[in-house]
Enquirer: 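First the structure, which I've put down as structure tokens, then a few questions once you've had a look.
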There are 4 protein chains.
Amino acid sequence: MTKHIAILTSGGDAPGMNACIRAIVIAADRQGYQISGYLRGYNGLLDDQRITLTCERMHNLLQQGGTILHSARCKPFTTEQGLQTAADNLSKASVDTLFVIGGDGSFRGAHALGDIWDGQIIGLPGTIDNDVAGTDATIGYYTAIETAVSSIDKVRDTADAFDRVFMVEVMGRHAGFLALHAALASASDYVILPERFTDERDTLSQICKQIQQRQAKRGPVSYVIVLAENVWPEGINDLCVKLAKQSDMEVKPVILGHVQRGGSPVSQDRLLAVQLGTYAVSLVETSTSGVMVGTYEDKAVTVPLPQTWEETKPLPDDAVTTMTTLMNERYQ
Amino acid sequence: MTKHIAILTSGGDAPGMNACIRAIVIAADRQGYQISGYLRGYNGLLDDQRITLTCERMHNLLQQGGTILHSARCKPFTTEQGLQTAADNLSKASVDTLFVIGGDGSFRGAHALGDIWDGQIIGLPGTIDNDVAGTDATIGYYTAIETAVSSIDKVRDTADAFDRVFMVEVMGRHAGFLALHAALASASDYVILPERFTDERDTLSQICKQIQQRQAKRGPVSYVIVLAENVWPEGINDLCVKLAKQSDMEVKPVILGHVQRGGSPVSQDRLLAVQLGTYAVSLVETSTSGVMVGTYEDKAVTVPLPQTWEETKPLPDDAVTTMTTLMNERYQ
Amino acid sequence: MTKHIAILTSGGDAPGMNACIRAIVIAADRQGYQISGYLRGYNGLLDDQRITLTCERMHNLLQQGGTILHSARCKPFTTEQGLQTAADNLSKASVDTLFVIGGDGSFRGAHALGDIWDGQIIGLPGTIDNDVAGTDATIGYYTAIETAVSSIDKVRDTADAFDRVFMVEVMGRHAGFLALHAALASASDYVILPERFTDERDTLSQICKQIQQRQAKRGPVSYVIVLAENVWPEGINDLCVKLAKQSDMEVKPVILGHVQRGGSPVSQDRLLAVQLGTYAVSLVETSTSGVMVGTYEDKAVTVPLPQTWEETKPLPDDAVTTMTTLMNERYQ
Amino acid sequence: MTKHIAILTSGGDAPGMNACIRAIVIAADRQGYQISGYLRGYNGLLDDQRITLTCERMHNLLQQGGTILHSARCKPFTTEQGLQTAADNLSKASVDTLFVIGGDGSFRGAHALGDIWDGQIIGLPGTIDNDVAGTDATIGYYTAIETAVSSIDKVRDTADAFDRVFMVEVMGRHAGFLALHAALASASDYVILPERFTDERDTLSQICKQIQQRQAKRGPVSYVIVLAENVWPEGINDLCVKLAKQSDMEVKPVILGHVQRGGSPVSQDRLLAVQLGTYAVSLVETSTSGVMVGTYEDKAVTVPLPQTWEETKPLPDDAVTTMTTLMNERYQ
């Protein structure tokens with residue numbers, strides 16, 4: 001009998017979610033599967049808001065940001081009743097396989113659903129924060145780096161013109177992947193990461209020391225700092241005021257915000273999305289379930305869903321070493 | 001005798017300032033003029049910080065954001081003593097013509113200098129705000145629109161995915177050019193302009209009415225509002241809170257900030273910069289002085305410096321009409 | 001009675017056609033008009049292939065390249081029989097107003113149709129070539145400049161790295177607008193335009209002379225030439241071979257090709273598209289017909305259709321002067 | 001005693017070469033090394049054309065395409081005499097370590113030099129073609145994919161508007177990395193790769209079959225084919241003519257050409273460049289020599305220089321499988 005697969009996108013949207021939907025739909029169509037999409041994340045599962053996804057509809061979709069299935073938070077889903085309703089709706093619709101594109105919160109929901117629904121559940125990592133263990137990268141992450149970097153490139157122009165200090169806040173929830181790589185790729189002078197942050201005073205005095213060393217060598221200088229969100233206890237404005245006072249320079253804040261969530265996905269996100277989507281569909285006829293597909297050393301792999309949030313994903317050593325090398329001034 | 005021309009960039013930096021410097025230098029070199037650049041706006045004039053500008057140095061400069069001459073505010077320049085020092089330094093350096101690339105504040109300074117220095121003074125409009133009378137456009141304005149629009153394009157992706165309201169604050173000082181054109185070109189649903197803003201309550205209720213009409217027709221909708229800076233009395237966060245309360249929707253703020261000042265200039269800014277720079281140099285052998293060169297109906301013109309700030313530059317009628325047409329829902 | 005308007009896109013596609021369709025549809029919807037779109041240019045008129053256009057369908061369309069109505073050439077339309085079929089179909093569908101977005105070829109067709117159909121016909125200029133008289137700019141033209149310029153920016157990187165000569169062919173049919181403005185905005189060293197081209201030998205020797213002068217001053221140099229299509233009698237490869245021989249340098253050809261026709265429209269094209277689309281709809285209740293809407297000195301105007309092809313649109317004087325100034329080496 | 005390191009860029013230029021130079025210079029400066037750059041690849045080594053590289057010079061360099069050290073072919077270097085001159089010049093200049101950024105041709109030269117010069121030689125892979133064994137990616141490769149993909153995105157707009165077939169030729173020398181990944185990331189319908197190409201007739205009939213199947217299902221369709229350079233025996237124009245004849249559709253060629261070599265590097269190339277550059281400098285105090293630094297599974301590694309050209313680097317299995325899955329129509 002023809003398999004029936006269903007897809008939903010959940011949690012914060014990320015560029016490449018549409019590319020992933022497209023890859024799943026085309027690969028599933030090649031197998032002759034029936035394909036549905038639930039709207040607005042788990043809400044669509046509760047309300048049985050479902051659309052048919054066809055190859056024709058996938059045309060010209062790969063390059064679009066956002067998600068045509070929409071996304072949303074869904075508190076009711078996490079209740080016992082909510083999960084039961086979802087399971088019932090999946091059974092009524094004769095869904096064999098549910099693909100959940102989202103982050104660790106979405107995977108917790110999927111895992112709980114797996115306890116009461118016996119269909120196949122496969123997660124695909126879609127978040128700009130890259131804070132999902134078990135995969136080297138998440139769909140949307142590369143585009144968010146690019147957006148942050150091209151914004152910082154622009155900020156540097158004006159920082160240079162005025163020899164000013166700029167503090168740029170990037171997203172990442174509680175992980176520093178985006179901040180670290182955006183800082184490295186934009187030639188930023190300093191980066192404040194959740195994984196490495198120890199102390200307000202240390203941070204301020206390190207930055208001031210570097211600025212003063214450069215001023216001593218070169219006269220007026222510009223200086224760009226990347227700040228991961230949720231790190232500085234009192235927020236970016238407080239940090240700017242304190243740094244301005246201590247460095248005796250003008251310090252301007254820039255909060256990149258939700259711009260980082262949108263946009264046409266860059267190639268690396270498109271490639272990741274089609275790789276994972278195609279691989280996920282290849283699992284449909286197998287007994288694999290309750291897993292996320294991810295990449296490890298450029299190959300598609302599966303990991304049990306709980307591993308995606310139980311383990312902490314460390315920043316890559318090489319990038320940390322590189323940033324440390326490049327941002328430390330030479331003292332002699 | 002060979003003419004000696006000098007260039008400085010002053011006020012907020014704008015993409016295309018380098019393209020303008022390049023055009024001036026090459027056009028002046030073709031005439032055999034000697035060419036200097038003062039550093040950090042009027043500060044360089046006071047400290048006699050001056051560099052020689054050559055055609056070789058102009059290679060690969062047109063496309064760079066920022067300004068290689070740097071910019072800065074300069075309070076001391078506006079004092080009687082400051083102006084005198086500047087005039088003396090220009091005379092000592094045998095400068096014949098001073099080109100000032102900047103906004104109306106910079107032109108006021110140039111005009112005051114003209115009272116005590118008898119050399120030729122020519123202003124070129126460089127600001128992203130387009131708030132200089134006497135020219136249809138200012139260098140940097142087109143790029144700022146593009147930056148704002150491509151950011152709003154990204155915001156719309158995430159607004160659509162979540163059916164959310166987003167409020168995007170763009171620059172413009174006290175003029176609505178950037179906000180109006182960014183809103184029009186990004187298919188934004190509403191725009192709040194200094195020139196048209198009347199009342200908090202009216203604005204809020206108009207927006208809420210539109211949102212409710214669309215929800216009535218289509219179910220959940222996204223909605224993007226462009227807010228010009230300095231319009232809403234209590235700031236963007238206050239507006240978001242009030243609108244969220246009144247519309248019963250989530251309203252997210254995005255402040256584009258200094259990203260709008262940087263970046264490689266788009267073609268239209270490059271074209272404007274080279275047109276004005278080349279035209280300005282063609283005036284060197286004439287008696288024209290104390291003017292700004294601008295464009296009027298696509299042709300290069302000159303206007304007396306005081307006109308650039310004494311007159312108020314109105315928003316273009318066509319754009320206002322178009323925005324009004326497109327953003328008004330049909331009620332029937 | 002409710003007016004019925006219909007839209008078609010014809011001739012070479014251009015970025016911003018969708019933005020124009022959107023503006024027409026929204027503005028027409030505000031008036032309560034019925035709105036149809038014919039598919040594949042005049043072919044859809046002959047086959048009565050027509051779709052209903054709604055505001056909902058316009059969401060997220062402004063920023064998309066191409067045309068959702070598709071375009072195509074249509075030889076049969078230009079026959080007497082074809083025109084009659086088209087007129088009959090329009091009458092049967094009770095169309096009051098036909099909007100034709102395209103270039104001068106499309107307008108000739110529209111004009112001929114006007115002789116036998118008594119409905120209202122309004123043209124809107126959509127072509128990357130800007131070769132339509134009666135309007136300062138055409139929809140798609142600004143994006144094509146930007147695409148050409150950002151490609152030439154990339155070519156210059158590699159030209160500089162290798163100190164090579166590059167010859168970049170841009171579109172424009174038989175007009176030099178795109179080539180001239182792309183050359184100016186990309187700091188290209190030379191441009192070959194249909195309006196100014198006189199003689200192969202002269203052109204070659206001018207270029208060689210400039211290259212040699214620079215080499216004399218600076219040693220190895222890069223050199224970028226913009227060539228308008230259809231100018232060099234034997235084509236770009238012939239030109240490269242001849243120039244290589246005469247200059248004794250490596251000369252590489254780059255043909256930008258159809259890449260110039262696509263892409264998300266830049267802001268200026270979006271603004272032009274919504275201005276003209278909205279203005280065109282404002283004419284529906286008037287007796288104006290057989291005209292193209294265009295911009296003249298930034299204001300929307302109408303011109304009789306025949307004027308769009310009978311008159312020759314000259315290159316703007318200012319741009320020609322600027323290019324001449326910047327590309328001529330100083331001889332002393 | 002202070003180490004003296006020297007850098008050169010050789011072979012085809014690639015975006016990110018400047019980012020790599022910057023990383024080497026800053027990391028070396030942190031160690032207190034003396035740093036030189038040879039101009040125009042091995043030519044500078046033969047002519048002893050050498051500049052001092054400082055941290056100040058590195059400011060704002062990371063994001064620039066091309067290479068400030070210039071590149072060029074250098075036949076004389078590969079002769080016995082050339083190698084000897086190079087070795088002598090390195091010794092005279094007391095260079096301890098030579099960094100060569102380039103492709104396999106450049107590494108052959110470096111390896112030969114290693115036979116007669118006893119300093120340390122370290123290669124860094126810089127080429128858009130990714131055809132260097134021993135590293136997962138080469139500097140410039142990611143940007144070239146992005147440039148190709150954003151060009152194909154534009155081509156698809158016009159392909160869709162006209163329901164046409166487009167054939168897009170991308171670079172890659174004799175490897176299909178760029179073509180395969182550009183095709184996958186641009187949702188292209190077919191790709192012709194050197195590693196998989198067997199037969200002209202088979203290729204043509206596969207393409208025609210797919211086009212006809214789609215036309216049967218959907219009516220007029222667009223179709224985009226990516227062609228790796230140097231694969232089709234008689235060139236792209238021949239292929240277009242043959243395909244047009246056999247498919248009875250219009251087939252347009254687009255040759256992306258040297259545009260692919262330039263441009264500001266995308267984030268992934270910047271990250272690769274700074275990772276490899278920093279790692280290379282960390283080897284200066286070790287006895288490692290005659291190696292290329294590369295990445296393997298995201299970690300920096302070294303491989304003996306000969307391995308970079310003696311081994312054939314296969315296309316990644318996952319990408320091949322994904323492309324095969326997505327481009328095969330379902331037959332039922």
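Chain naming here is simple, since letters A, B, ... match the order of the sequence lines and numbering starts at 1 in each.
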Enquirer: Taking D/Val165 as the fixed residue, which of D/Ile207, D/Val251, D/Val221 is the one that meets the side-chain contact (heavy atoms from CB on, under 4.5 Å) rule?
Expert: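 By the side-chain contact (heavy atoms from CB on, under 4.5 Å) criterion, D/Val165 pairs with just one of D/Ile207, D/Val251, D/Val221: D/Val251.
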Enquirer: Hey, which of D/Val259, D/Asp153, D/Thr67 has the most heavy atom pairs under 4.5 Å with chain C?
Expert: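 Looking at each of D/Val259, D/Asp153, D/Thr67 in turn, D/Val259 comes out on top.
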Enquirer: Return the CG to CE distance between D/Leu227 and D/Met167, rounded to the nearest 0.5 Å.
Expert: 6.5 Å
Enquirer: Specify the closest pair of heavy atoms between D/Ala273 and D/Ala23, including all atoms of both residues, with the distance to one decimal.
Expert: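 Taking every non-hydrogen atom into account, O-CB, 4.1 Å.
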Enquirer: How long is the span from the CG atom in D/Asp48 to the CG atom in D/Asn43, to the nearest 0.5 Å?
Expert: 13.0 Å
Enquirer: Considering only NZ, NE, NH1 and NH2 on the basic side and carboxylate oxygens on the acidic side, decide whether C/Asp13 and D/Arg164 come within less than 4.0 Å.
Expert: no
Enquirer: Does anything in residues 68-75 of chain C get under 4.5 Å of chain D by heavy atoms, and if so which residues?
Expert: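 C/His70, C/Ser71, C/Ala72, C/Arg73 fall under the 4.5 Å cut-off.
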Enquirer: Any side-chain heavy atom of D/Gln260 within less than 4.5 Å of one from D/Leu178?
Expert: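 A side-chain contact exists here, since the closest heavy-atom pair is under 4.5 Å.
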Enquirer: Given a strict heavy-atom distance threshold of 4.5 Å, which part of D/Thr9 is in contact with chain C: side chain, backbone, both, or neither?
Expert: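 For D/Thr9, no heavy atom lies under 4.5 Å from chain C.
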Enquirer: Should we count CZ of C/Arg57 as having more than 12 external heavy atoms under 6.0 Å?
Expert: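 12 or below, so no.
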Enquirer: Quick one: pull up OH in D/Tyr142 and CG in D/Asp269 and give me the separation to the nearest 0.5 Å.
Expert: 7.5 Å
Enquirer: Which one wins on heavy-atom pair count under 4.5 Å against chain C: D/Gly41, D/Ala14, D/Gly65?
Expert: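 That would be D/Gly65.
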Enquirer: Looking only at heavy atoms and a cut-off of under 4.5 Å, which of C/Arg261, C/Lys252, C/Arg40, C/Met17 has the most pairs with chain D?
Expert: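 Option with the top pair count is C/Arg40.
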Enquirer: With chain D as the partner, which of C/Ala159, C/Pro15, C/Pro220, C/Ser264 has the greatest number of non-hydrogen pairs under 4.5 Å?
Expert: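 Most heavy-atom pairs under 4.5 Å with chain D: C/Pro220.
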